[in-house]
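Okay, structure first, notes after.
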Amino acid sequence: MKKYKLNNFKLNRRDLLAGTASLGAMTFASKSVLSDENKSKNLPPNLPEWTSELGEGVDANPYGMPSEFEKNVIRRNVEWLTASTESSVNFTPIQDLEGIVTPNGLCFERHHGGVSIINPKDFRLMINGLVDREMIFTLEDLKRFPQVNKFYFLECAANGGMEWRGSQLNGCQYTFGMIHNVQYTGVKLSDLILETGLKPKAKWVLAEGSDSSGMTRSIPIEKILDDCIIAWAMNGEALRSEQGYPARLIVPGWEGNMWVKWIRRLEFGDMPYMTREETSKYTDLLSDGKARMFTWVMDAKSVVTSPSPEKPILHKGIHQLRGLAWSGRGKIKRVDVSLDGGKNWKTAELHEPIMSKSLARFTFPFEWNGQELLIQSRAIDETNYVQPTIQELQKIRGVNSIYHNNSIATWLVSKTGKVDNVRLG
Ligand SMILES: Nc1nc2c(c(=O)[nH]1)N[C@H]1C(S)=C(S)[C@@H](COP(=O)(O)O)O[C@H]1N2
Ligand SMILES: [Mo]
């Protein structure tokens, strides 16, 4: 293997500016500048301990767990946002994840009345109201319908809500972590409705959860027929209890609150039901005191996951900036990155697959020589919607909002490599 020194590799300026720096010229060898500080007897030229003895048997972990050296990669909560553990939220450690799939055990949780533990034998989905035939389905009934397997992000409308008036929480996990992205297996609601029939007057659906909060939301029939799903699996296995086992509603691209977990009933009606969750909650007051009604779609947004407050820069030289982008309106078309607080923008590399209403991964190579940086990213979706600055958002929405803050965040990299969440302007 050829020798490669991380610190000596220089991108030329034109490559950096064009964002086209390629790794073709780099060869990675096992010797890393970082490992030099590690005096472990397991390092070359010694034979490591784990080579000279047998490993654990196949039965050691009937259900596999992450390596013990990854125990820092966990969901976390913010104490002052936690009224009680039953009515609470925690956050996905997006700064520690790669690619676009959120592992099931790391999907953030939001419960209004705790996690219901449901025996799937006792699961029933009732469809009533303005249908030709009111019906009750068991889980096995649902699994006999044609299936879909789709990747979708779920973002709580309150993600970033604490940042409306200024930067408050110093962490990528806390400011952007109310999001997860998994592959759902389930049945399209449009297929279930073929079975129940629909009365011409049916224009809205009330989706109801069976948990103690009895979460209810109204959803327009067009959305129900377009792409809503009743899902029983995520990332190939049964839903986790936290995510609504044995079945939940999937409302692609729309605010997380509508994705009713532990689903028990869908009632078809001719008007929105004006439930608590779409009137006194999950609405925002504008400057004139009026509330916005039915703010369903999650607009395009992005975050730089590394560098970030949890991922400081540890050495000079070449780095791969990494991040996530998403849009409730479809596919991500482009992500721009700025290292100087939005004065200059370069296009980041988007990684396949790019799917509609799913997280997209981007990377951008840059060189750090100890200078201050103001790192930002901005997503553009296939409808050409451009992620706004907080100033642009506040001009239209005022400062009294909590929900639907999709503004561009800024990470300040100081000369020591420390990274902080800051507000510009
Ligand atoms: N039945 C029920 N469904 C629910 C909730 C709930 O408390 N009860 N919380 C909602 C909210 S506010 C969000 S953001 C998402 C969170 O989904 P997750 O816990 O899978 O991340 O579920 C939604 N569905
Ligand atoms: Mo939410």
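Counting starts at 1 for both ligands and their atoms, following the listed order.
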Atom 21 (O) of ligand 1: the protein heavy-atom neighbour that sits closest, reported with distance to 0.1 Å: F108 O, 2.6 Å
N/O of R110 under 3.5 Å from N/O of ligand 1, yes or no? yes
Nearest to atom 6 (C) of ligand 1, what protein heavy atom do you find, and at what distance? M215 CG, 3.4 Å
Which part of I263 is near ligand 1, with near meaning a heavy atom under 4.0 Å away: side chain, backbone, both or neither? neither
Check N42 against P48 and note the closest heavy-atom contact, atom names and distance. OD1-CA, 3.4 Å
Where is the tightest heavy-atom contact between V335 and I332, given as atom of each residue plus distance? CG2-CG2, 3.9 Å
Those atoms of ligand 1 less than 4.0 Å from some heavy atom in E242: 19 (O)
Has the side chain of Q95 got a donor or acceptor atom that lies under 3.5 Å from a matching backbone atom of E310? no
Taking the side chain from N61 and the backbone from Y63, do they hold a donor-acceptor pair closer than 3.5 Å? no
So, F294 versus W204, ring centres under 6.0 angstrom or not? yes
Which residue and heavy atom of the protein sit nearest atom 15 (C) of ligand 1, plus the separation: G256 O, 3.4 Å
Could you tell me which atoms of ligand 1, counted from 1 in the order shown, lie closer than 4.0 angstrom to a heavy atom of D211? 1 (N), 2 (C), 6 (C), 7 (O), 8 (N)
Under 4.0 Å from a heavy atom of W259: give me the atoms of ligand 1 that qualify, with their elements. 22 (O), 23 (C), 24 (N)
Which of the atoms of ligand 1 are close to L154, meaning less than 4.0 Å from one of its heavy atoms? 17 (O)
Measure from the ring center of F108 to the ring center of F91 and say whether it is less than 6.0 Å. no
Looking only at protein heavy atoms, identify the closest one to atom 10 (C) of ligand 1 and say how far it is in Å. N257 CA, 3.9 Å
So if I apply the side-chain hydrogen bond (donor to acceptor under 3.5 Å, both in side chains) rule between E109 and each of N90, N77, T92, which one comes out positive? N90
Run the numbers for me: atoms of ligand 1, each under 4.0 Å from some heavy atom of C156, listed by number. 14 (S)
Would you say ligand 1 has an N or O under 3.5 Å from any N or O of H112? yes
Quick test: of every protein heavy atom, which one is nearest to atom 20 (O) of ligand 1, and how far off is it to 0.1 Å? R248 NH1, 2.8 Å
Sidechain-backbone polar pair: D420 side chain, L412 backbone, donor-acceptor under 3.5 Å: no
Which of the ligand 1 atoms, numbered from 1, are nearer than 4.0 Å to a heavy atom of H111: 7 (O)
So if I count the atoms of ligand 1 from 1 in the order they appear, which ones are less than 4.0 Å from some heavy atom of Y282? 12 (S)
Considering residues, nucleotides and ligands other than K281, do more than 12 of their heavy atoms fall under 6.0 Å from its NZ? no
Rounded at 0.5 Å granularity, tell me how far CG in D211 sits from NE2 in H111. 9.5 Å
Would C107 count as a contact residue for ligand 1, given that I'm defining contact as a non-hydrogen atom of the residue lying under 4.0 Å from a ligand atom? no
Taking I263's backbone N and O only, do any of them form a donor-acceptor pair with S210's side chain (distance below 3.5 Å, no angle check)? no
Identity and separation of the nearest protein heavy atom to atom 3 (N) of ligand 1: K261 N, 2.9 Å
